[in-house]
Amino acid sequence: MSERPLSGGRITPGVVQIGDTVRRPTSLRSEFVVELLRLLEQRGFEQAPRYLGQDDAGRDILTYLDGQVPVRFQQWTDTQVAAFGRLLRAFHDATRGSRLAGDHEVVCHHDPGPNNVIFRDELPAALIDFDMAEPGSPLEDIGYAAWTWCVASKEPLETQPGQVKVLVDAYGLAGSQRDAVVDAILDRQLRNARFWTETTVEVTDHQRAERIAWSHREHAFTTTNRQAFEQALA
Ligand SMILES: Nc1ncnc2c1ncn2[C@@H]1O[C@H](COP(=O)(O)OP(=O)(O)O)[C@@H](O)[C@H]1O
Ligand SMILES: [Mg+2]
């Protein structure tokens, strides 16, 4: 059967579709990802690929999920953001108290931007790309998601704080943790800059510099508008 390259990701070269499967070169994270996908299956979480084993080329085989993955970050409607908040919550809940979560509250996806979400009928429908997943606090994913779904320094501030609230409300974050959301956003922006500084992922020097600069720009924008975000969440 023929292989169709699945471009769009920025990290893993060689992801392809064969029939109704995806083949992904294994990585150092594969073992954890396999266990995570099995856990999600056991716990009845349907909005992620299933793990089907390894092929002869040593690649991980996953189910191909129908739908669209956005090619770039853009402005989303409140309906889309709320649907993603519920999806993220369902994912975290499916990992809570598991052996994989260990001493932590949940397993975090750690890269839950729109670029790792399958949309159907214009709505977030499934999560993909669990290579960064590790035990952690839900706030780590909420911070990253708030940034990548709702905050953009190149757009007017206007509706952004309200949309972070939409995300956090749909997620159902406990009142006591809402104070920590803005710090979580700022933390993820700095962590992203660090990631692109240190990563061995193959990128050109120009791409690397751009992604680091973007993360710092977003961090400065969030810092400047901190009060507006905090007020919306209060
Ligand atoms: N299970 C899947 N179902 C459908 N498409 C997928 C699936 N896994 C990956 N893709 C497609 O392949 C692209 C790259 O895969 P991804 O796992 O996100 O790699 P990267 O680590 O490069 O971000 C995605 O943007 C998506 O378009
Ligand atoms: Mg990806």
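Both ligands and their constituent atoms are indexed starting at 1 by order of listing. Reckoned from all heavy atoms, side chains included, excluding hydrogens, waters and symmetry mates. This structure is a prediction, so every number in the text was calculated from the model and none was measured.
- Only the side chain of R24 comes within 4.0 Å of ligand 1, judged by heavy-atom distances.
- Relative orientation of the W149 and F84 rings is parallel, given thresholds of 30° and 60° on the angle between their planes.
- Residue N115 does not count as close to the Mg ion (ligand 2), with no N, O or S atom under 2.8 Å.
- Close approach of ligand 1 to V69 (heavy-atom distance below 4.0 Å) involves ligand atoms 25 (O), 26 (C), 27 (O).
- Taking every non-hydrogen atom of D129 and a distance limit under 4.0 Å, the qualifying atoms of ligand 1 come out as 16 (P), 17 (O), 18 (O), 19 (O), 20 (P), 21 (O), 23 (O).
- Annotation: cation-pi geometry not satisfied between R43 and F45 (NZ/CZ under 6.0 angstrom from ring centroid, within 45° of ring axis).
- Taking distance alone, with nitrogen or oxygen atoms compared against 3.5 Å, D131 stays at or beyond that limit from ligand 1.
- Shown are L62, V15, D55; of these, the side chain to side chain contact (heavy atoms under 4.5 Å, CB included) with R23 is made only by D55.
- Backbone and side-chain nitrogen or oxygen atoms of V22 are examined, and none is located within less than 3.5 angstrom of a nitrogen or oxygen of ligand 1.
- With a 6.0 Å cutoff to the six-membered ring centre and a 45° limit on the axis angle, R188 does not count as a cation-pi contact of W147.
- In this structure, S2 has no side-chain contact (heavy atoms from CB on, under 4.5 Å) partners at least two apart in sequence or on a different chain.
- Only the side chain of I128 comes within contact range of ligand 1, with a heavy atom under 4.0 Å; no backbone atom does.
- The side chain of N116, and not its backbone, has at least one atom closer than 4.0 Å to an atom of ligand 1 (non-hydrogen atoms only; side chain from C-beta on).
- Counting heavy atoms under 4.0 Å from ligand 1, residue L65 touches it through both backbone and side chain.
- Using a 30° and 60° split on the angle between ring planes, F73 and W214 fall in the tilted class, from 30° to 60°.
- Between the OD2 atom of D129 and the OD1 atom of N116, the angle centred on the Mg ion (ligand 2) amounts to 90° when rounded to 10°.
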